[in-house]
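Let me begin by presenting the structure, written as structure tokens, before commenting on it.
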Amino acid sequence: MYYFVNEYLYPMNSGIEHAEFKRLSLFKSMGVPAKLVTREYAPQLHRTMEKFGLKSDDVVNMFDFFQGAVNRETKKGLD
């Protein structure tokens with residue numbers, strides 16, 4: 001498994017994050033397991049992931065990982 005470590009994933013990203021999305025897509029298309037890892041807490045992470053076409057299996061946040069909340073069902077919040 002390859003992990004691409006990044007600081008954040010926000011609705012407005014730099015070219016670095018967009019390059020990581022493409023790198024992740026390339027690895028997955030070649031059958032190589034890979035994930036994006038984010039270090040900063042982002043309460044809207046899953047909404048942002050949807051915006052960029054990323055699945056829950058594509059991204060893991062270190063805050064979620066260490067508190068055991070990676071595969072949790074969440075209620076839809078207010079917009």
Side-chain angles (χ1 to χ4, degrees):
M1 173 76 70
Y2 287 88
Y3 296 96
F4 308 126
V5 181
N6 196 357
E7 192 171 348
Y8 58 81
L9 183 62
Y10 291 135
M12 300 289 287
N13 293 295
S14 71
I16 294 170
E17 287 78 26
H18 290 282
E20 285 183 341
F21 302 157
K22 290 181 181 182
R23 185 183 313 129
L24 178 66
S25 178
L26 174 66
F27 273 62
K28 292 177 85 75
S29 71
M30 300 300 287
V32 178
K35 283 187 187 253
L36 296 176
V37 177
T38 58
R39 298 183 324 194
E40 286 190 13
Y41 177 70
Q44 302 296 324
L45 178 62
H46 288 276
R47 287 186 183 172
T48 304
M49 288 167 42
E50 274 184 25
K51 177 181 176 182
F52 294 108
L54 299 170
K55 299 177 185 160
S56 290
D57 290 342
D58 294 335
V59 180
V60 64
N61 178 268
M62 290 177 70
F63 280 86
D64 293 343
F65 178 81
F66 286 114
Q67 69 179 341
V70 174
N71 294 318
R72 298 260 181 197
E73 289 287 324
T74 57
K75 295 179 184 178
K76 184 169 176 108
L78 299 174
D79 289 324

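FYI, the numbering just counts along the sequence from 1. Source: prediction; values computed, not measured.
- Residues satisfying the salt bridge (Lys or Arg N to Asp or Glu O under 4.0 Å) test with K51, not counting sequence neighbours, are none.
- Taking F4 as the reference, F27 meet the ring-ring contact (aromatic ring centres under 6.0 Å, His included) condition, with sequence neighbours excluded.
- In this structure, CG in L36 is found 5.0 Å from CG in L24, a value given to the nearest 0.5 Å.
- To the nearest 0.5 Å, the span separating OG on S56 from CE on M49 amounts to 4.5 Å.
- Residues satisfying the side-chain hydrogen bond (donor to acceptor under 3.5 Å, both in side chains) criterion with E40, sequence neighbours excluded, are Y10.
- Distance check: L9 CG to R39 CZ gives 13.5 Å after rounding to the nearest 0.5 Å.
- Heavy-atom contacts from other residues, nucleotides or ligands closer than 6.0 Å to CE of M30 number 12 or fewer.
- With sequence neighbours left out, the side-chain contact (heavy atoms from CB on, under 4.5 Å) criterion links F52 to N13, H18, F21, T48, L54.
- There is a path of hydrophobic side-chain contacts, each under 4.5 Å, that joins V60 to M1.
- Scored by the side-chain hydrogen bond (donor to acceptor under 3.5 Å, both in side chains) test, D58 finds K28 as partners (sequence neighbours excluded).
- Judged as a salt bridge (charged side-chain N to carboxylate O under 4.0 Å, His left out), not a single pair has a partner in residues 15-24 (not counting sequence neighbours).
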